[in-house]
Amino acid sequence: MEKELENLKVALMNDLKKATKEADVLNVKSEHLGKKSRIAALLQDLKNMSSDEKRKYGSLINLTKKEMEGMVNDYLVTLENKSNITFDDTIEEDVSIGSLHPVTIVAKEVTDILKRMGFTVVSGREMESEYYNFEALNIPKDHPARDMQDTFYLDNGMLLRTQTSGDQIHSMERLGAPLRICSPGRTFRNEDLDANHENTFFQIEGMVIDKNIAIGNLMYIMQQILREVFRSDVKVRLRPGFFPFTEPSYEMDMSCVICGGKGCPTCKNAGWIELIGCGMVHPNVLKAGGIDPLEYNGFAFGIGLTRLAMMKYKINDIRVLNSGDIRYLENFKIN
């Protein structure tokens, strides 16, 4: 047994050395640590072992798995450091440099914060199936979110995703548990345009699956993200919400920085901007991802990156962010 476990670590390292980008590393992780991996099979076999064998091999197998997970995380950090390419800045030409979109800036800030907390960044697909966008997320056929007025359905039977939450299911299927992922991306809804609504906007999905996860873990991460993005404590409120894929569900609002909480067209005169939907992952969603809800639990959150950018840079009309006006974008920079 000891020799086999050592060989598993060697095989993992050999495959990691061949990975040149983050997606490659995630595929390697899925192969060596996913639900169909040899280490997962060994953990499953523990229940068939005698008491003496369980005492002898149980902790050894679990320790090996943790070491393998650490190897993957360390390699991701190494890969990221290698990607920080430096350029020769001695060119004397007076060249006008470009600028990043404010949503891109905020997305990078949030993903950097989450990566420091041990999250892995994954990317999802914008054209999605009904199963991953709705059914696997515990959204039944008759739910209002499935109405044509909200969703762009395509002629090929697919749809433009209305949320990044489908990445939860893809990640659980591919990576298994425990899991800590975030997925930024573009989403689409058939909305009437106004100062606070667009038919194309950006979100970041986050999910943590492990044993003995509590709502306090979720609240800490939400507050930490906002504190670091805004470089100060921000006024927030938490209220009960309803999302089919979480139970219990919450919505976190922040005080509108455009009007200082007094009320304006951007916040619909409420003084608050809805920013984060979150909650504990519904057992049906865990089952859809192939994870036993009796063994694991977790939380998920979705942050509106477009609205977060509006609050960070005090942009009072969401439509400006999709205008493509380069002169306007030049006003923004990374802090």
Side-chain angles (χ1 to χ4, degrees), residues 1-49 57-83 111 114-115 117-129 131-132 136 164-185 205-211 213 281 285-293 295-298 300:
M1 175 71 76
E2 291 89 343
K3 182 63 175 177
E4 181 180 7
L5 292 174
E6 197 62 36
N7 288 339
L8 290 179
K9 289 191 288 185
V10 172
L12 171 61
M13 180 52 68
N14 288 337
D15 285 348
L16 284 174
K17 289 177 180 178
K18 302 173 187 176
T20 58
K21 54 183 183 293
E22 187 171 312
D24 297 335
V25 178
L26 293 179
N27 287 332
V28 171
K29 181 180 180 181
S30 177
E31 180 181 348
H32 290 272
L33 288 162
K35 294 181 294 183
K36 298 180 180 180
S37 65
R38 177 56 182 161
I39 193 74
L42 289 172
L43 287 169
Q44 286 292 324
D45 287 343
L46 281 174
K47 63 178 180 291
N48 301 320
M49 294 183 181
Y57 298 121
S59 59
L60 183 60
I61 295 173
N62 277 295
L63 177 61
T64 300
K65 183 181 180 185
K66 288 187 179 297
E67 289 177 352
M68 292 171 72
E69 289 171 345
M71 290 164 63
V72 172
N73 292 333
D74 289 344
Y75 195 82
L76 280 170
V77 172
T78 302
L79 203 60
E80 183 179 351
N81 290 338
K82 287 181 179 178
S83 68
T111 52
L114 290 171
K115 284 163 76 172
M117 295 181 183
F119 283 71
T120 298
V121 181
V122 300
S123 59
R125 53 198 77 174
E126 294 180 355
M127 185 175 68
E128 190 57 276
S129 69
Y131 174 77
Y132 285 102
T164 49
S165 304
D167 294 342
Q168 296 180 19
I169 308 299
H170 289 296
S171 296
M172 285 189 287
E173 287 181 340
R174 190 156 57 94
L175 303 174
L179 181 69
R180 193 178 300 188
I181 57 101
C182 63
S183 177
E205 191 76 18
M207 171 181 261
V208 172
I209 301 294
D210 211 325
K211 297 179 180 179
I213 297 295
V281 180
V285 176
L286 291 173
K287 290 178 184 177
I291 292 175
D292 185 358
E295 183 177 3
Y296 291 97
N297 71 326

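Counting begins at 1 with the first residue of the sequence.
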Rounded to the nearest 0.5 angstrom, the NZ-CG distance for Lys18 and Asn27 is 13.5 Å

Tell me, yes or no, whether the heavy-atom count around Lys47 atom NZ, taken from other residues, nucleotides or ligands under 6.0 Å, exceeds 12. yes

To the nearest 0.5 Å, how far apart are CG in Leu63 and CE in Met68? 12.0 Å

Looking at Arg180 and Met117, would you say the former's side chain and the latter's main chain have a donor-acceptor pair under 3.5 Å? yes

Between atom CD of Glu173 and atom OG of Ser30, what is the distance when rounded to the nearest 0.5 Å? 10.5 Å

As a test of understanding, state which of Leu12, Leu33, Asn62 forms a side chain to side chain contact (heavy atoms under 4.5 Å, CB included) with Ile39. Leu33

Is there side-chain contact between Phe119 and Met207, with heavy atoms separated by less than 4.5 Å? no

Heavy-atom closest pair, residues Val122 and Pro184: O-CD, 3.8 Å

Taking the side chain as every heavy atom from C-beta outward, state whether His32 and Leu8 have any pair of such atoms under 4.5 Å apart. no

OG1/Thr64 to CG/Leu42 distance, rounded to the nearest 0.5 angstrom? 9.0 Å

What's the verdict on side chain to side chain contact (heavy atoms under 4.5 Å, CB included) for Met172 and Tyr296, showing C-alpha distance, side-chain angles and the deciding distance? CA-CA 12 Å; Met172 285 189 287; Tyr296 291 97; over 6 Å; no

Would you say the side-chain atoms of Tyr57 pair up with the backbone N or O of Met49, donor to acceptor, closer than 3.5 Å? no

Heavy-atom side-chain contact between Ser37 and Lys65 under 4.5 Å: no

Hey, what do you get for CD (Glu4) to CD1 (Ile61), rounding to the nearest 0.5 Å? 8.5 Å

For atom CD of Glu295, is the number of surrounding heavy atoms from other residues, nucleotides or ligands below 6.0 Å larger than 12? yes

How close do Asn297 and Leu286 get, counting heavy atoms only, and between which atoms? CA-CD1, 4.2 Å

Note: Met71 and Leu16 closest approach over all heavy atoms is O-CD1, 3.9 Å

All heavy atoms of Leu60 vs all of Leu5, minimum pair found to be CG-CD1, 3.5 Å

Please report the shortest heavy-atom distance between Ala288 and Ile169, naming the atom on each side. O-CG2, 4.1 Å

Please evaluate residues Thr20 and Asp24 with respect to the criterion side chain to side chain donor-acceptor pair (under 3.5 Å), reporting the C-alpha separation (whole Å), side-chain torsions for both, the decisive distance (0.1 Å), and the verdict. CA-CA 7 Å; Thr20 58; Asp24 297 335; 3.3 Å; yes

Ala177 and Ile209 have their tightest heavy-atom pair at CB-CG2, 3.9 Å

Atom CD in Glu6, atom NZ in Lys9: separation rounded to 0.5 Å? 4.0 Å

Heavy-atom check, side chain of Glu69 versus side chain of Val72, under 4.5 Å: no

Distance-only polar pair, side chains of Glu205 and Ser183, donor-acceptor under 3.5 Å: no

